[in-house]
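Quick notes on the structure that follows.
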Amino acid sequence: MGNRFGDFYGGVLHPLTALEHVLPFLALGLLAGQQGAPAARWLLLTFPLGLLLGTAFASVAPAAYWLTPLNHVSFVVLGLLLATAWRMPLALLIALGLLFGLSHGYENGRAMTAEAVLHLFAPGVALSGFIVTALASAATLALTARADWPRVAVRIAGSWIAAIGIMMIGLA
Amino acid sequence: MSTTRRWLRTRLGGGRGGMIWLIAAATVLAPEVGLAHTGEGVVGGFLSGFTHPIFGFDHVVAMIAVGLWGAFLGQPAIWLLPVVFPVVMAFGGLAGVLGVPIPGVEAGIALSAVALGAMVALALRPPLWVAAILVGTFAIFHGHAHGTELPEAASPLAYGVGFVIATGLLHLSGIALGLLSRWPAGLGAVRVGGALIACVGLFFLIGA
């Protein structure tokens, strides 16, 4: 099984082993939860789709370096949106999910070795994005339905993520 | 609310065990070492970032003062100050990362403890925007002090995560202590705490 499906598990694990992917995934999940259940359902479809396309794109065009800075930008944009708790249009949330899915998927796809099998690796990356955003948005929805302090906690978490992203942009 | 709960139960309740198995399987079965991030320096970077604000006593008291003052001022300052601070601090950190010098960083940090401690001790309640600007200005100095060491960290990203979380947790400690001000005796204790913070700040200011 390790030989037949190994690249699938490699795809699942790859984004989960780097803060630069896990943190924005979490932020996107929190944002989806903050926007309410109907919006969150849309994001859970479109973000993995973006990841899938982005990962596949890396094997077609391995030198599209302009996509990489978007990953740092995703920290700042998602963090600030969380901090302001702005009720955004659904189309914007879907667009953000697709855009950052593409950029993060691309970065993961570039890590594939020559022997890696794309049609196993890419669904793994997409699934990993789905798991993180599903858990984060579900937890946000469940907690904010019961009390007020989780709303504040989500905004504070957003400002922390934005702060980290601002400094990462300076470093890059 | 019940819709959300039902949604959670149907979508996630049954799948959680499966998800743990999937991650466990991924850990065991992922074949190519070349595919995985090495994670090198993440623990070291996080620890050096996390301890950076905590090992500077002037940082500790100033961050607790931010939380104390926020809780003392009540809604909406209680959550607005801890949201504003990290973002503004990041711009100070950015200057530190890029090596842009800011004069008097140590004095600014000590002064922030004096000013914020005094605000709590004297029970001053300026308008919200004044409080936000005051706290934001001091945030620049704190961020710069942490940010200058970021590029040298074993993992700069983990260092940044560490010092932002440590700063945030210090705010939360201050807020928790500041909630005592809801009771008359607690209010006195909080104001005495503010005075102590101002004294610590003064001590550092003289040393700076």
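Every chain is numbered from 1 and lettered A, B, ... according to where its sequence line falls, protein lines coming before strand lines. Because the structure is a prediction, the values reported are computed rather than measured. Excluded from the calculations below are hydrogen atoms, water molecules and symmetry mates; all remaining heavy atoms, backbone and side chain alike, are included.
The candidate from B:P156, B:P151, B:P82, B:P86 with the greatest count of non-hydrogen atom pairs under 4.5 Å with chain A is B:P86.
Both the backbone and the side chain of B:I165 come within contact range of chain A, each with at least one heavy atom under 4.5 Å from a heavy atom of that chain. Using a 4.5 Å cut-off between heavy atoms, A:L80 contacts chain B through its side chain alone, with no backbone atom that close. For A:M168, the part sitting under 4.5 Å from any heavy atom of chain B is the side chain, from C-beta outward, and nothing else. Heavy atoms closer than 4.5 Å to chain A are found in the side chain of B:F163, but not in its backbone. Heavy atoms closer than 4.5 Å to chain A are found nowhere in B:A95, neither backbone nor side chain.
Interatomic distance, B:H146 NE2 to A:M167 CE, rounded to the nearest 0.5 Å: 9.0 Å. Taking CD1 from A:I169 and CG from B:L94, the interatomic distance works out to 8.5 Å, rounded to the nearest 0.5 Å. Going from atom CD1 of A:I164 over to atom CG of B:L150 covers 10.5 Å, rounded to the nearest 0.5 Å. Expressed to the nearest 0.5 Å, how far CD1 of A:I166 lies from CZ of B:F91 amounts to 4.0 Å. For the atom pair CG of B:L157 and CG of A:L171, the computed distance is 9.0 Å after rounding to the nearest 0.5 Å.
Counting heavy-atom neighbours within 6.0 Å of B:R182 CZ, excluding the residue itself, gives a total of 12 or less.
Looking at every heavy atom in both residues, A:G170 comes nearest to B:V97 through C-CG1, 4.0 Å.
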